[in-house]
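In what follows, a structure is listed as structure tokens, so that the remarks can point back to it.
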Amino acid sequence: MRELHDLVVGIAVEAAELARIRRHEGVDVAASKSSLVDIVTEADREVERFVVERLLAARPDDGILGEEGASVAGTSGLTWVIDPIDGTVNYFYDIPAYAVSIALVEGEPEPTTWRALSGVVVNGATGERFEALRGGGARLDGHEIRVADAVPASMALVGTGFGYDAGRRERQAAVVQGLIGSVRDIRRIGSAALDLASVACGRLNGYFERGLQPWDMAAGALLVEEAGGALRGWEGEPASSAFLLAAHPTLADELTALLAPLRPQDV
Ligand code: LIP
């Protein structure tokens, strides 16, 4: 597994560099997806092609699930889950918070059932490299990371995100309005992969979001778990598109209790 992990970390670092170079050259919107504000750039597509070609050259029997459409069933029982540029809107606006996020999962590439084995998140703008190997802990630029020690919710810096549908954003904002008076403050970083990496290294005490895609959460979720954090869905369910919460286990309990009356799982 170490060999596979080193392979994907190397590819992610190169892919992040490619994204950074394209950002520097200037970025255009190639198309929009679920709504006008859900954009994809040529760079998203190019970086995904680059990652897929490199992975399949080294591992021709593996499966692929990529945000920009790459889909290979594979025969090895292992699947690479790829978000070539997580935080595409940040990328488009040149906000230095976008990342290449890749995870290797065992089983169906479905968050509620898969077993993540290896994950890497590389911030394209800063070059920071977050990585985790199941049972091997989590690291930032080679140094071990842990989630922040437990704090009461009133002292917790909590990250969250909003979807590409206006109605959902309004309902998500209502949840934040109901929570913000009970926590230290809210952060909206704009990349689930970097939000989860921030929880894993203690830059955020917690993070929650509804509506994430498998590729948004695959690598970041393993980072949080290997850094000693809790990763939860709603009402005992595994984390999934329906809902994801990540924090120190004790804080996760308190945040869940605070969120319950706000019904974030329904937004
Ligand atoms: C983004 C997520 C973010 C969420 C955005 C979007 P993308 O992914 O990372 O957490 O709030 O709505 O889904 O579209 O940049 O890959």
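In each ligand, atom 1 is the first atom listed, and ligand 1 is the first ligand listed.
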Within the 3.5 Å criterion, strictly below it, is a donor on [X] or [Y] matched to an acceptor on the partner's side chain?
X    : Y    : answer
S191 : D86  : yes
D165 : S35  : no
S198 : D195 : no

Check your understanding: Taking the minimum heavy-atom distance to atom 15 (O) of ligand 1, which of G211, A193, G87, S34 ranks first?
Key -> G87
**Study point:** Nearest candidate to atom 13 (O) of ligand 1, where distance is taken over non-hydrogen atoms, out of Y164, F162, Y207, Y98
**Key:** Y164
Revision key, fill the gap. Atoms of ligand 1 under 4.0 Å from any heavy atom of D86, numbered from 1 in the order shown, are 1 (C), 2 (C), 7 (P), 8 (O), 9 (O), 15 (O), 16 (O)
Point to revise | Test side-chain contact (heavy atoms from CB on, under 4.5 Å) applied to R187 - qualifying residues, sequence neighbours left out | key: L157, D185, L204
Review point. Judging by distance only, is a nitrogen or oxygen of E67 under 3.5 angstrom from one on ligand 1?
Key: yes
Check your understanding: Got an N/O contact under 3.5 Å between D38 and ligand 1?
Key -> no
Exercise for review: May I ask whether R188 places a heavy atom under 4.0 Å from ligand 1?
Suggested key: yes
Point to revise | Test item, I189 contacting ligand 1 (heavy atom, 4.0 angstrom) | key: no
Point to revise | With S34 via side chain to side chain donor-acceptor pair (under 3.5 Å) - residues at least two apart | key: D38
